[in-house]
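Input: a single structure, listed below in C-alpha cells.
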Amino acid sequence: MLELSRIREEKDAIAEGLKTRNLDVKNQLEEVIALDEKRRDTQQQMEKDLAELNTLAKSIGGLFQQGKVEEANVLKAKTGTLKEQSSQLKTVLQETEDAINKILFTIPNVPNPIVPKGNSDQDNEIIFENGQLPQLHAKALPHWDLIKQYDLVDFELGVKITGAGFPVYKGKGARLQRALINFFLDEAINAGYEEVIPPLLVNADSGFGTGQLPDKDGQMYHDAQDNLYLIPTAEVPITNIYRDVILNESQFPIKNVGYTPCFRREAGSWGSDVRGLNRLHQFDKVEIVQVVHPDKSYDTLDQMVAHVKNLLEKLELPYRVAKLCGGDLGFTSALTFDMEVFSAAQEKWLEVSSISNFETFQANRLKLRYKSEGNKPQLAHTLNGSALALPRILASILENNQTETGINVPKVLVPYTGFDTI
RNA sequence: AGAGAGGUGGCCGAGUGGCUUAAGGCGCACGCUUGGAAAGCGUGUAUACAGCAAUGUAUCGAGGGUUCGAAUCCCUUCCUCUCUACCA
C-alpha cells in the first residue's frame, strides 16, 4: 500500500509512474487527497471536542471531591452535546479513513523507472542468457513421459488421494526432490541467510501484510472454519515475522531462507501449458527474504539475482533473466526479475524464480520500520525471491540431462542424492 | 475440548471509578563524581495521527458498552499459563 504522505507530496510522479502499468490513477489520487483533507478537518474538530470533554471531566471530578454537587451538575449538563457531536465526528472520521483505504488497496506499487512499458510477458526484457541450449537425442521425451518411464512422479495416485495438481513423488523422484531442497537451503545458509521453518497456514492479517489479501483472495486455499489460509509462498509467513516490528538499524540486513510447500488454487489458469510438473496446486519452494535499509534495497536485489544465477550455474541449467514489464509486474512489486530455465524437450522457458523489490509497499501494510540514531521510525524495504521453485527445476533437469540409457544427476546434487544416474 | 487463573511501557511489576500526567524496580542513554572503573547522585527513555510550533488526541491484548470521568465496571473476542481429557 502506498503511503498517504507520499501521495500528498508526489501525486503527479506516482500517476506518471503507474502509466508503466498501463494504469491511469490520476482521479483516484485526487479523490484520496480530497478525502485526506476531510479526514484531517474532521480529526481536528473531534479532538477539540474531546479535549474540552476531558477538561470538563476533570473539573467535575474536583468539584465532587469538594462536595460541590450543584456546580458539578451544571458542568455535567454541558457535556451532552459535546459527547454527541464528538461521537458523530468519530463515525465520519472512521468512514473517511475506510474510504481512503478502499482506494489505496486498489493502487499497485509504483514501478521503478527502469521498468519497461508493456502489456504481457511477451514484452519482458531479456537481460541475460547463459550458455548453449542442449541438443537432445532423437528419442528425447518431455518430463511427463520420463517420470512415467522411470516411475518418479505419479499424478494418477495424487488424483486418487487428493485431486489434480497434487502429485506423489516416488523413489528416486522423491530423493531428487529432497536433494534439491537441501542443496538450495545449504547454498542460502552459506550466503548468510538464517533458516526458518514457518507455519503453512496464516491468518488474514498476514495475508494483508504481504498483499495477497484482499486482491488475491480466490487464489489461496481458505479454511473457513478457522479463517486461515494455506500459504501460496513462504514469503507470506516469513515476511510477516516482521509485521508490527521496529528494528534497530544495526539489525540490517535481515536475511531469511525457508523451505515450504506452497498451495495455489490456480483458479482459471488451466490450459495447454500446464502439463506435468509445469503448474501444480501444491509444490515445494525454497524462498529467500530480506529486510533492508531503503538505501540498500537495489544492491540487495542484484545480490539476490546473483545468488539465484549461481544456483542455476551449479545445476548446469540453461537459463535467462527477464526484467518484467509494467503489465506483467506483480501488484506489490517495484521491480522484478524472473529467472527462466530452458526445458529442452518441451522447448520452453519455464519461470523458476521471481525476485522482487517491494520497497516500502509491503512494509507500509506490515508496519515494518527501523529506527536510526536520533530519527523517527522509518519504513524498511522488503524483498524476496524463489531460490528456487522445485517442480520446474526437476522437469528441466530430467529433460535436459536425459540420454538414451538414463538421466544424469547434476554433479552438485550427487552428494545429496547418493546416486548419479536415474 | 472442560475447569480455573491471567494479559499493564524494552523487561519485571503496582494499580478495583477521579491528585495515574501509569507508582516502584531493572535495563539502556547522557551528565556529575573518579587516576580509571564500580557504586552513588541527577536527567532522560513508546507509537500513531493532527499542528509551523506550544501542544492536543488516541493507545494498559483487540473490539463494543456503562459513566461527566474507565487500566479499573459490563459484554464479545483473541491469546497465555495451570489442572483434567485427548493426542504425535
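Below, read A as the first sequence line, B as the second, and so on, with proteins coming before strands; counting in each chain starts at 1.
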Nucleotide nearest [X] when distance is taken to its side chain, options [options]:
{"X": "A:A57", "options": "B:A50, B:A48, B:G18", "value": "B:G18"}
{"X": "A:K371", "options": "B:G18, B:A50, B:U47", "value": "B:U47"}
{"X": "A:R369", "options": "B:G51, B:C68, B:U47", "value": "B:U47"}
{"X": "A:R40", "options": "B:C68, B:A48, B:G51", "value": "B:G51"}
{"X": "A:E47", "options": "B:G56, B:G51, B:C68", "value": "B:G56"}
{"X": "A:A51", "options": "B:A50, B:U57, B:A48", "value": "B:U57"}
{"X": "A:R8", "options": "B:A50, B:C68, B:U47", "value": "B:A50"}

[atom1]-based separation of [M] from [N] [nearest Å]:
{"N": "B:U16", "M": "B:C11", "atom1": "P", "value": "23 Å"}
{"N": "B:G25", "M": "B:G40", "atom1": "P", "value": "12 Å"}
{"N": "B:G69", "M": "B:G18", "atom1": "C1'", "value": "7 Å"}
{"N": "B:G35", "M": "B:G15", "atom1": "P", "value": "45 Å"}
{"N": "B:C79", "M": "B:G63", "atom1": "C1'", "value": "15 Å"}
{"N": "B:G9", "M": "B:G24", "atom1": "C1'", "value": "13 Å"}
{"N": "B:G61", "M": "B:G7", "atom1": "P", "value": "8 Å"}
{"N": "B:G10", "M": "B:C60", "atom1": "P", "value": "13 Å"}

Under 4.0 angstrom, heavy atoms only, what part of the nucleic acid is [X] near: base, sugar-phosphate, or nothing?
{"X": "A:I246", "value": "sugar-phosphate"}
{"X": "A:N54", "value": "sugar-phosphate"}
{"X": "A:Q43", "value": "base"}

Under a 3.5 Å cut-off for both contacts, is [N] paired Watson-Crick or G-U wobble with anything, and if yes, with which nucleotide?
{"N": "B:C86", "result": "none"}
{"N": "B:C26", "result": "B:G10"}
{"N": "B:U76", "result": "B:A62"}
{"N": "B:G17", "result": "none"}
{"N": "B:U34", "result": "none"}

CD/A:E3: more than 12 non-hydrogen atoms of other groups inside 6.0 Å: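 Atom CD in A:E3 is packed in, count exceeds 12.
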Is A:K117 atom NZ crowded by more than 12 heavy atoms from other residues, nucleotides or ligands, each under 6.0 Å away?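 Yes, NZ of A:K117 has more than 12 neighbouring heavy atoms, counting only those of other groups under 6.0 Å.
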Rounded to the nearest Å, what distance is computed from the [atom1] atom of residue [X] to the [atom2] atom of nucleotide [N]?
{"X": "A:D205", "N": "B:U77", "atom1": "CG", "atom2": "C1'", "answer": "14 Å"}
{"X": "A:N248", "N": "B:U45", "atom1": "CG", "atom2": "C1'", "answer": "14 Å"}
{"X": "A:Q45", "N": "B:G56", "atom1": "CD", "atom2": "C1'", "answer": "15 Å"}
{"X": "A:K90", "N": "B:A50", "atom1": "NZ", "atom2": "C1'", "answer": "17 Å"}
{"X": "A:L53", "N": "B:C68", "atom1": "CG", "atom2": "P", "answer": "11 Å"}
{"X": "A:L93", "N": "B:U59", "atom1": "CG", "atom2": "P", "answer": "14 Å"}
{"X": "A:L50", "N": "B:A70", "atom1": "CG", "atom2": "P", "answer": "11 Å"}
{"X": "A:L82", "N": "B:G69", "atom1": "CG", "atom2": "P", "answer": "11 Å"}

Would you call the rings of A:Y221 and A:F263 parallel, tilted or perpendicular if under 30° counts as parallel and over 60° as perpendicular?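 Perpendicular: the ring planes of A:Y221 and A:F263 meet at over 60°.
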Do [X] and [Y] sit within salt-bridge range, that is, some charged N less than 4.0 Å from a carboxylate O?
{"X": "A:K78", "Y": "A:E52", "result": "no"}
{"X": "A:E16", "Y": "A:K19", "result": "yes"}
{"X": "A:E30", "Y": "A:K11", "result": "yes"}
{"X": "A:R392", "Y": "A:E340", "result": "no"}
{"X": "A:D36", "Y": "A:R40", "result": "yes"}

Answer yes or no: does a side-chain N or O of A:K376 lie under 4.0 Å from OP1 or OP2 of B:A46?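 For A:K376, the contact criterion (side-chain N or O under 4.0 Å from OP1 or OP2 of B:A46) is not met.
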Of A:G62 and A:T55, whose nearest nucleotide on RNA chain B comes first from the 5' end?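 Going by which nucleotide is closer to the 5' end, it is A:G62.
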Report the residue (A:G61 or A:D36) whose heavy-atom-nearest nucleotide on RNA chain B is the more 5′ of the two.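 Looking at RNA chain B, the more 5' nearest nucleotide goes with A:G61.
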